[in-house]
Amino acid sequence: MKLFEPWALLGLTLTLSAARADDVPVAVAANFSAPMKEIAALFEQETGHRALVSPGSTGKLSEQIRNGAPFQVFLSADERTPASLEAEGLAVPGTRFTYAIGQLVLWSARPGFVDGKGEVLKKGGFRHLAVANPKLAPYGAAAMEAMAKLGVLAAIEPKIVTGENIAQTQQFVATGNAELGFVALSQVLRDGKPVEGSMWVVPSDLHSSIRQDAVLLAPGKGKPAAEALLRFLRGDRARAVVRAFGYGL
Amino acid sequence: MTPADFSAIRLTAELATLTTLLLLLVGTPIAWWLARTESRWKGPVAAVVALPLVLPPTVLGFYLLVTMGPHGPVGRLTSALGLGVLPFTFPGLVVASVLYSMPFVVQPVQNAFEAIGARPFEVAATLRAGPLDTFFSVAVPLARRGFVSAAILGFAHTVGEFGVVLMMGGNIPGVTRVVSVAIYDHVEASEYAPAHALAGGMVLFSFVVMLAFHWVSASPRRRAG
C-alpha cells in the first residue's frame with residue numbers, strides 16, 4: 001500500500017492544479033509564433049490560464065488536427081484552412097475571425113542587399129532565395145504569386161530553396177545560407193524596429209491578402225480557457241501586440 | 001507518382017551510392033587503426049565515430065548549417081577554395097551523409113578486422129609480407145563479410161536519412177529533395193496516394209536490405225576463411 005501513496009499524491013496534485021488554471025494547447029502558424037508568445041504571457045497574467053504554443057506551417061498543423069491532434073485553438077496563416085476545418089466538422093462553427101493581416105517582406109541579413117523597390121529580384125546576383133513551401137505556407141504561396149506578377153519567377157525558380165515553414169525560411173536567410181528570402185514582417189522586427197539587414201515590404205497588390213484567421217477547434221468546445229483565449233485575442237491588449245509586430249488589423 | 005517523385009528516388013540512390021563508396025574509402029583506414037591500435041586515443045576516436053548513433057539529427061543539421069554556411073569556418077574555407085558554400089547543394093548532402101552514416105560503416109569493418117585475430121598476421125610476417133601486402137592480401141579478404149555488411153548498412157542508413165537533410169537541404173527538387181523529404185511533403189499537403197507509393201516502397205526496400213544483411217552476417221564465418 002505504501003508504494004502507491006506517492007503516485008496517489010501526484011495524481012491529486014495534478015488534478016488540483018488543473019482545476020485552478022487550464023492549459024490551452026494552441027496550434028500557431030510559424031509567422032505568428034513570436035507575437036503569440038507575448039500574447040500568451042499577457043493572457044496568463046490576466047486569466048491564469050496557460051496557452052501551450054505549438055508553432056508549425058499551416059499545412060502541417062492542419063494535417064495534425066485532421067489526424068486527431070489535441071489542439072483546442074488554431075491560429076492559421078490563412079482564411080481557407082480554418083474554413084475547411086469547419087466544413088469538415090473539426091472546428092466549431094461561428095468562431096472564426098481574422099486576428100491579423102500578414103505583411104510579406106523580401107529580406108536579406110546583409111545591409112543594403114535588398115533595395116527599397118525589390119529591384120534585386122530582376123538584377124539577380126544571388127545564389128539562393130528562400131521561400132516557405134508554397135504548398136504548406138500561405139506566405140510561401142504569396143511570395144510565388146508576387147514573383148509571378150513581377151515576371152521574375154521563371155528566372156528565379158532554379159535558385160529557390162524551400163523552408164518547411166516560414167520560421168525555417170527566415171533561418172536560412174539569417175544564417176546567410178540564402179542571400180535573401182520572403183518572410184513575414186513580424187519575423188524581422190524586434191520591438192517594432194527592423195533587425196539588421198535590408199528589406200523590401202512587398203506591396204499588397206502583388207499578391208492576394210494574407211488574412212490570418214483563428215478558430216476554436218472541436219476539442220476546445222465548451223472549454224472555458226480556450227474560449228477565453230479567443231476572446232483575449234480580439235481584445236485591445238492582444239491587438240496592440242499584433243500591431244507592434246507589423247501586422248495589419 | 002509524379003516525375004518529381006522519380007527524380008527523388010534517383011537522387012536518393014545517387015546520394016546513398018556515393019556516400020557508401022566514400023565511407024568505405026575513408027572508414028576502412030579508421031576501422032583498421034581502431035582494430036589494431038593500443039593507443040590511449042582509441043577510446044576517444046571510437047566515441048567520436050559513434051556519435052551520430054546517439055546525437056539527434058537536429059544537432060548535426062544545426063552545426064552543419066552553421067559551420068558550412070557563409071559565416072562558418074568550413075563555409076569560409078570552401079568559399080576561399082572557389083567551391084561555394086555547401087548547404088542546399090548535393091555535395092553538401094554527401095558531406096552530411098558521410099558524417100551521419102560513419103559508424104554504420106566503420107563498426108562492422110572494425111569488428112571484422114578484430115575477428116581475424118593475430119594468427120594470420122603472424123603467418124604473413126613469417127612469409128615476409130610487407131604491411132601493405134598483408135593488408136590487401138590477408139586483412140581485406142578475411143574481412144570481406146564485414147565490408148559487405150558495412151556497405152549494406154551505410155547505404156540503407158543514408159537512404160533513411162531525414163532530419164539532417166531537412167535542416168540543411170532546402171528541399172530543392174532534383175538537388176536535395178530525397179525520398180524521405182518528398183514523403184514528408186506529400187503527407188503535409190494531404191497527398192496520400194504518392195505518399196503511400198513512396199512510403200510503401202521504402203518499407204519494401206528496407207525489408208530487403210535487412211534481409212540481405214541478415215544473410216550476409218548470419219552465414220558461418222568459417223566459410224569466409
Side-chain angles (χ1 to χ4, degrees), chain A residues 27 29-30 56-67 69 77 80-81 84-85 88 90 108-110 113 126-138 140-141 156-181 196-197, chain B residues 2 4 7-8 57-58 61-76 78-79 82-93 95-96 162-178 180-192 194-195:
Chain A
S57 70
T58 294
K60 174 169 76 183
L61 294 170
S62 64
E63 200 53 32
Q64 291 176 344
I65 290 162
R66 287 195 179 92
N67 287 286
R80 197 172 47 90
T81 310
S84 57
L85 287 174
E88 290 164 49
L90 296 163
S108 170
R110 269 193 240 165
F113 192 80
F126 49 86
R127 285 162 50 93
H128 298 297
L129 180 140
V131 173
N133 190 334
K135 280 203 292 188
L136 309 175
I156 290 179
E157 205 141 34
K159 298 177 176 175
I160 290 180
V161 293
T162 319
E164 188 266 323
N165 59 49
I166 199 76
Q168 197 192 20
T169 308
Q170 192 250 357
Q171 165 220 319
F172 283 162
V173 182
T175 55
N177 283 301
E179 290 94 335
L180 72 176
E196 197 182 272
Chain B
T2 59
S7 120
T58 41
F62 168 60
Y63 281 142
L64 287 174
L65 192 67
V66 174
T67 56
M68 303 200 319
H71 311 306
V74 180
R76 283 211 195 96
T78 52
S79 300
L83 301 170
V85 288
L86 290 171
F88 313 137
T89 64
F90 183 74
L93 284 200
V95 171
F162 171 67
V164 179
V165 182
L166 191 73
M167 284 188 74
M168 54 157 291
N171 200 350
I172 308 171
V175 182
T176 59
R177 184 184 292 162
V178 296
S180 57
V181 174
I183 294 173
Y184 184 69
D185 262 16
H186 283 313
V187 174
E188 299 221 319
S190 307
E191 297 160 354
Y192 282 4

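Fair warning: this is a prediction, and the values are worked out from it, not measured in the lab. So that the names make sense, note that chain A is the first sequence line, chain B the second, and so on, each numbered from 1.
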(request) Spell out the residues in residues 59-66 of chain A that have some non-hydrogen atom less than 4.5 Å away from a non-hydrogen atom of chain B, in order of number; otherwise answer 'none'. (result) A:Gly59, A:Lys60, A:Glu63, A:Arg66
(request) Measure distances from A:Ala178 to the heavy atoms of chain B and classify the residue's part below 4.5 Å as side chain, backbone, both or neither. (result) both
(message) Please enumerate all residues that pass side-chain contact (heavy atoms from CB on, under 4.5 Å) together with B:Thr58, with sequence neighbours excluded.
(response) B:Pro56, B:Met167
Could you tabulate the donor-acceptor pairs under 3.5 Å formed by side-chain atoms of residues 169-177 of chain B, not counting sequence neighbours?
residue	atom	partner	partner atom	Å
B:Asn171	OD1	B:Arg177	NE	2.6
B:Asn171	ND2	B:Asp185	OD1	3.3
B:Asn171	ND2	B:Asp185	OD2	3.2
B:Thr176	OG1	B:Gly169	O	2.6
B:Thr176	OG1	B:Asn171	N	3.4
B:Thr176	OG1	B:Ile172	N	2.9

(message) For a side chain to side chain contact (heavy atoms under 4.5 Å, CB included) check, start with the C-alpha distance between B:Val181 and A:Glu164, then their side-chain angles and the critical distance, and finish with the verdict.
(response) CA-CA 10 Å; B:Val181 174; A:Glu164 188 266 323; over 6 Å; no
(request) List for me each residue that meets side-chain contact (heavy atoms from CB on, under 4.5 Å) alongside B:Val85, sequence neighbours excluded, and say none if there are none. (result) B:Pro70, B:Ser79, B:Pro87
(request) Counting only heavy atoms closer than 4.5 Å, note whether A:Asn165 contacts chain B via side chain, backbone, both or neither. (result) neither
(message) Minimum heavy-atom separation for B:His71 and A:Thr175, please, with both atom names.
(response) CD2-O, 3.3 Å
(request) List the atom of A:Phe172, the atom of B:Leu166, and the distance in Å for their closest heavy-atom pair. (result) CZ-O, 4.5 Å
(message) Under a 4.5 Å cutoff for heavy-atom pairs, which residue among A:Thr162, A:Val161, A:Asn177 has the most contacts with chain B?
(response) A:Asn177
(message) Other residues, nucleotides and ligands only: do more than 12 of their heavy atoms fall within 6.0 Å of OH on B:Tyr63?
(response) no
(request) First locate atom CZ of A:Arg127, then atom CZ of B:Phe88, and finally report the distance between them rounded to the nearest 0.5 Å. (result) 10.5 Å
(message) Within a 6.0 Å radius of atom CZ on B:Phe62, are there more than 12 heavy atoms belonging to other residues, nucleotides or ligands?
(response) no
